[in-house]
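Order of listing sets the numbers, starting from 1, for every ligand and every atom in it. Note that these values count all heavy atoms, side chains included, but never hydrogens, waters or copies made by symmetry. Here the structure is a predicted model, which is why all the values come from computation and not from measurement.
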Amino acid sequence: MPAPGETVDPSRVHSLDPDQLAAAVTAALASITTATDLDALAAVRTAHVQGDNAPLVLARRELGALPREDRADAGRRHNAARAQVQAAYDTRLAQLTAERDTRVLREERVDVTLPPARRRRGARHPLSSLSDRLVDVFVAMGYEVAEGPEVEHDWFNFEALNMAPDHPARSMHDTLYVEPAGSGRLLRTHTSPVQIRSLLARDLPVYVVAPGRTYRNDAIDATHSPVFGQLEGLAVDEGITMADLRGTLATFAEALFGTGLSTRLRPSYFPFTEPSAELDVQCFSCHGETARQPCRVCSDEGWIEILGCGMVDPNVLRAAGVDPTRYSGFAFGMGLERAAMIRYGVREIRDFVDGDVRFGLPFGIED
Ligand code: PHE
């Protein structure tokens with residue numbers, strides 16, 4: 001009952017009576033329960049829990065309008081109502097938050113166990129690795145790396161190398177000729193034309209190694225291929241002798257097969273060297289002791305033929321504009337596949353051209 005002089009708006013007081021409070025609570029709880037996500041619950045919060053126009057908020061403001069003797073009771077009921085709604089709200093909020101978190105975790109999950117789209121590393125071609133290693137040996141001795149074209153001119157490939165058009169050695173160097181007929185261009189049959197190119201292009205003295213691809217009209221079989229690699233070497237200086245050739249090749253053989261093996265020069269013939277020789281290296285597998293047990297690496301020879309070499313023929317020096325009365329030099333040329341086959345026990349030259357990465361992998365991945 002209002003105190004004397006107080007005017008109480010019946011509708012305001014009405015909002016605090018037990019039925020009205022109970023109705024506000026019921027409505028709030030129903031809305032809280034039916035809110036299915038956090039956005040909906042946020043709207044419920046405004047409408048029923050804390051918004052300026054939420055019935056319970058409005059009712060609270062009206063506490064002060066109650067006659068003093070009613071206030072404590074109404075305040076207690078209001079508090080209980082509010083606590084009930086707040087508790088329901090908090091519970092639902094926790095629930096919906098957990099649901100949202102679970103959903104986000106599920107929907108935005110990144111499966112870190114998926115294998116990445118990683119490209120498998122290939123392998124360096126064993127011939128490239130071998131070639132680089134051998135080139136390094138010569139670079140360490142002061143040589144420079146020289147290159148020449150694979151489509152070469154007859155003059156560089158043959159004539160300047162002392163092989164006139166009718167020279168019988170040309171038949172061993174049959175190759176593919178490039179159109180138009182009579183252009184004199186062909187796929188080089190050896191890396192020796194780089195000797196001529198180096199002498200023409202460089203100042204003397206010349207110390208070069210030239211690794212590269214070469215071609216010959218050979219049917220492919222286990223030990224022959226129409227395309228193969230060679231490593232050429234050339235030293236032209238004043239006073240070069242065959243002793244220099246021997247020493248250089250001994251160093252080289254050591255790099256390829258390891259220390260402690262003898263080498264020997266066996267007389268041979270090449271049109272562009274005089275005298276000419278083949279370099280044999282003592283078999284690294286049996287060390288020449290074939291009498292004790294048969295050796296597959298050297299076929300019981302005790303020696304392995306490695307390369308052709310010799311002192312540069314004066315005609316070659318002249319063709320390249322070098323005075324043979326002042327300068328002399330040596331040259332050598334080695335088949336890369338052959339060296340790799342011997343060194344690594346590869347039985348099929350075809351493996352080098354097939355391009356199957358599984359062949360290259362065991363030789364190691366080098367950068
Ligand atoms: N060019 C020769 C060959 O292919 C090898 C060689 C090079 C021989 C240099 C002597 C000097 O068979």
Numbered atoms and elements of ligand 1 in range of [X], under 4.0 angstrom, heavy atoms:
{"X": "Phe272", "answer": "1 (N), 2 (C), 6 (C), 7 (C), 8 (C), 9 (C), 10 (C), 11 (C)"}
{"X": "Gln230", "answer": "3 (C), 4 (O)"}
{"X": "Gln195", "answer": "9 (C)"}

Task: Parallel, tilted or perpendicular: ring planes of Tyr207 versus Tyr143, cut at 30 and 60 degrees - done: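 Perpendicular, since the angle between the ring planes exceeds 60°.
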
Open item on the list: Once side-chain hydrogen bond (donor to acceptor under 3.5 Å, both in side chains) is applied, do any residues pair with Glu147, and if so which ones, sequence neighbours excluded?
Closed with: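 side-chain hydrogen bond (donor to acceptor under 3.5 Å, both in side chains) check on Glu147 returns nothing, list empty.
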
- [ ] Can you sort out the partners of His48 under ring pair (Phe, Tyr, Trp, His ring centres under 6.0 Å), two or more places apart, ordered by chain and number?
- [x]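 His48: no ring pair (Phe, Tyr, Trp, His ring centres under 6.0 Å) contacts found.
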
Open item on the list: Are there over 12 heavy-atom neighbours, none belonging to Arg264, within less than 6.0 Å of that residue's CZ?
Closed with: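 Above 12, so yes.
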
- [ ] Just let me know how Phe332 lines up against ligand 1, side chain, backbone, both or neither, with a heavy-atom cut-off below 4.0 Å.
- [x]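 Phe332 to ligand 1: backbone contact only, side chain stays beyond 4.0 Å.
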
TODO: Would you kindly specify which portion of Cys309 sits under 4.0 Å from ligand 1, judged on non-hydrogen atoms: side chain, backbone, both or neither?
DONE: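 Answer for Cys309: backbone.
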
TODO: Could you pull out, from Gly333, Gly335, Ala331, the option with a heavy atom nearest to atom 6 (C) of ligand 1?
DONE: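 It is Gly333 whose heavy atom sits nearest to atom 6 (C) of ligand 1.
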
Task: Any N or O of Glu232 closer than 3.5 Å to N or O of ligand 1 - done: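 Between Glu232 and ligand 1 (N or O atoms, distance only) the closest approach is not under 3.5 Å.
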
Open item on the list: Quick check with a 6.0 Å cut-off and a 45 degree axis cone: is Arg338 positioned over the face of Phe228's six-membered ring?
Closed with: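 So Arg338 doesn't make the cation-pi contact.
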
Task: Candidates His190, Arg188, Arg185, Arg197 - the one meeting side chain to side chain donor-acceptor pair (under 3.5 Å) with Glu152 - done: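 Of His190, Arg188, Arg185, Arg197, side chain to side chain donor-acceptor pair (under 3.5 Å) with Glu152 is met by Arg197 alone.
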
Task: Closest protein heavy atom to atom 3 (C) of ligand 1, given as residue, atom name and distance to 0.1 Å - done: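 Checked against all protein heavy atoms, atom 3 (C) of ligand 1 sits closest to Arg216 NH2, 3.7 Å.
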
